[in-house]
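Here is how names work: the chains are called A, B, and so on, in the same order as the sequence lines, proteins then strands, and each is numbered from 1. Because the structure is predicted, anything quoted here is derived from the model rather than measured. Excluded from the calculations below are hydrogen atoms, water molecules and symmetry mates; all remaining heavy atoms, backbone and side chain alike, are included.
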Number of protein chains: 2
Amino acid sequence: MSARATTRPGGRSARVQQSVHQAVRDLEAEVGRDALTVPLIAARAGVTPSTVYRRWGDLRELLSDVAVERLRPDGAPTDHGSLRADLEAWAVQFAEEMSSTAGRTYIRDALLGDPEHGNAVRCSDYAAEQLKAIGVRAAGRGEAVPDVESLLDAVVAPLMYRILFRPSDLTAAYTDRLVATALGRSSTPFA
Amino acid sequence: MSARATTRPGGRSARVQQSVHQAVRDLEAEVGRDALTVPLIAARAGVTPSTVYRRWGDLRELLSDVAVERLRPDGAPTDHGSLRADLEAWAVQFAEEMSSTAGRTYIRDALLGDPEHGNAVRCSDYAAEQLKAIGVRAAGRGEAVPDVESLLDAVVAPLMYRILFRPSDLTAAYTDRLVATALGRSSTPFA
DNA sequence: AGCTTAATGCGAAGAAAATGCGTCTGGGCC
DNA sequence: GGCCCAGACGCATTTTCTTCGCATTAAGCT
């Protein structure tokens with residue numbers, strides 16, 4: 001039924017899922033995203049198309065799953081010694097990754113999946129986790145930390161809005177200004 | 001080539017475009033958006049599928065065009081006597097329209113079109129125009145007005161981010177808080 | 001080990017996507 | 001006003017995708 005909530009996590013089902021995901025990534029690099037089709041992916045993965053249709057429903061859901069995995073952060077945000085420096089560095093990196101052609105494609109694919117499936121909210125959760133980690137670290141230094149929701153509103157949302165709706169203007173100066181705005185207001189001790 | 005930049009605005013081409021758009025709207029209401037196909041739409045519009053493929057390229061572009069038209073604001077924002085009241089009313093209405101199931105579908109469809117086609121940026125322009133109108137009116141009253149970019153960052157972007165990535169929590173209290181935040185800072189005399 | 005259940009493979013049928021070619025409409029020009 | 005050309009359209013065809021039923025295989029459990 002669901003690709004992620006596989007009732008049988010081990011064994012063949014897991015191998016099939018991994019194989020199909022890998023096939024998507026490989027073919028995406030080889031023939032381009034727009035040339036992807038279910039039969040093509042299935043052939044590369046060594047499964048039959050009907051298996052893909054059964055497990056993911058359609059190509060969109062499959063691409064949505066793969067895109068979300070690609071958007072998962074690699075590790076904890078790097079430590080730059082202060083809340084502001086950490087946020088600026090993270091925001092700049094976030095903007096760069098997401099505004100690239102590949103990044104925007106992943107975001108759009110992730111958004112395309114069934115909303116009930118939760119792929120979109122997962123993207124937001126990734127950013128929230130990173131911001132939370134930065135906040136916890138800053139709180140450990142004794143700094144006042146704005147809560148995650150405020151940071152999502154003040155930093156992540158404007159970046160994402162421009163990436164999705166106005167694909168052009170995104171400079172480091174702009175992200176720094178967003179961080180400055182976020183830090184200039186609404187700083188609760190810790191959340 | 002492009003559906004909107006039709007080289008022949010008058011005559012049959014215009015009728016075809018109108019007929020196809022109307023067919024999309026009708027069928028969307030009748031059979032649901034996910035059941036739409038090019039042959040189905042073409043049959044309803046009284047044209048052949050190849051015409052649709054030639055003019056729009058694929059179903060996504062067509063749906064993107066129709067979605068953008070549906071997202072076009074009806075008229076000027078209503079006047080509530082003050083900048084804050086105007087913004088709050090507009091933001092609440094914006095949030096309600098966009099967060100509905102239909103609204104979210106239109107946004108996603110609009111985002112899906114070819115970025116070069118400019119459907120996404122058109123959505124942003126619609127919001128910017130409305131905000132600009134509110135700002136001009138407020139400036140006429142002598143109020144200090146934040147520039148449109150700030151309002152996009154502080155109000156529109158957070159709303160859109162939540163609509164797209166966290167489809168659940170959107171209250172009037174939240175939109176009011178966004179407006180309050182936007183008005184509390186960065187108020188240039190006029191732009 | 002044997003049993004139950006679920007997931008996969010396979011093949012066929014139905015539907016949709018995409019393309020090539022001939023025709024016709026519409027707008028510009030004489 | 002009539003002619004001409006570029007572009008748009010309809011039709012037919014081919015290719016590809018999608019769905020479905022049934023047989024088979026593998027995983028999980030006792």
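The backbone N or O of B:Thr101 sits less than 3.5 Å from a side-chain atom of B:Thr105, completing a donor-acceptor pair. Without hydrogens or angle criteria, B:Glu143 side chain to B:Leu83 main chain gives a donor-acceptor distance under 3.5 Å. A donor-acceptor pair is defined here as one N or O able to donate and one able to accept, closer than 3.5 Å; no such pair exists between the side chain of B:Arg137 and the backbone of B:Ser82.
Between A:Thr51 and C:dG9 there is a side-chain polar atom (N or O) within less than 4.0 angstrom of OP1 or OP2. In this model, the phosphate group of D:dA26 is not approached by any side-chain N or O of A:Arg15 to a distance below 4.0 Å at OP1 or OP2. The shortest distance between the side-chain N/O atoms of B:Arg54 and the OP1/OP2 oxygens of D:dC9 is not below 4.0 Å.
Listed candidates were D:dC9, D:dA27, C:dC10. Nearest to the side chain of A:Arg12 is D:dA27. For A:Ser50, counting side-chain heavy atoms from C-beta on, the closest listed nucleotide (C:dG20, D:dC20, C:dT8) is D:dC20.
At whole-Å resolution of the value, CD in A:Gln18 and P in C:dT8 are 14 Å apart. If you measure from atom OH of B:Tyr53 to atom P of D:dT15, you get 17 Å, rounded to the nearest angstrom. With rounding to whole Å, A:Leu36 atom CG is found 11 Å from D:dC17 atom P. B:Leu63 places its CG atom 15 Å from the C1' atom of C:dA17, with the value rounded to the nearest Å. Atom CD1 of B:Ile41 and atom P of C:dA16 are 11 Å apart (whole Å). In this structure, the CD atom of A:Gln17 is 20 Å from the P atom of D:dA26, given to the nearest Å. At whole-Å resolution of the value, CD in B:Glu61 and P in C:dA17 are 15 Å apart. Per the geometry, CG belonging to B:Asp34 stands 17 Å off C1' belonging to C:dA15, to the nearest Å.
By the neighbour-count criterion of 12 heavy atoms within 6.0 Å, atom CD of B:Gln18 is sparsely surrounded, having that number or fewer from other residues, nucleotides or ligands.
Where B:Thr48 and A:Pro39 each meet DNA chain D at their nearest nucleotide, the meeting point lying more 5' is that of B:Thr48.
The residue A:Thr37 sits close only to the backbone: its heavy atoms come under 4.0 Å of sugar-phosphate atoms, none of a base.
Across B:His80 and B:Asp86, no two heavy atoms sit closer than the pair N-OD1, 2.5 Å.
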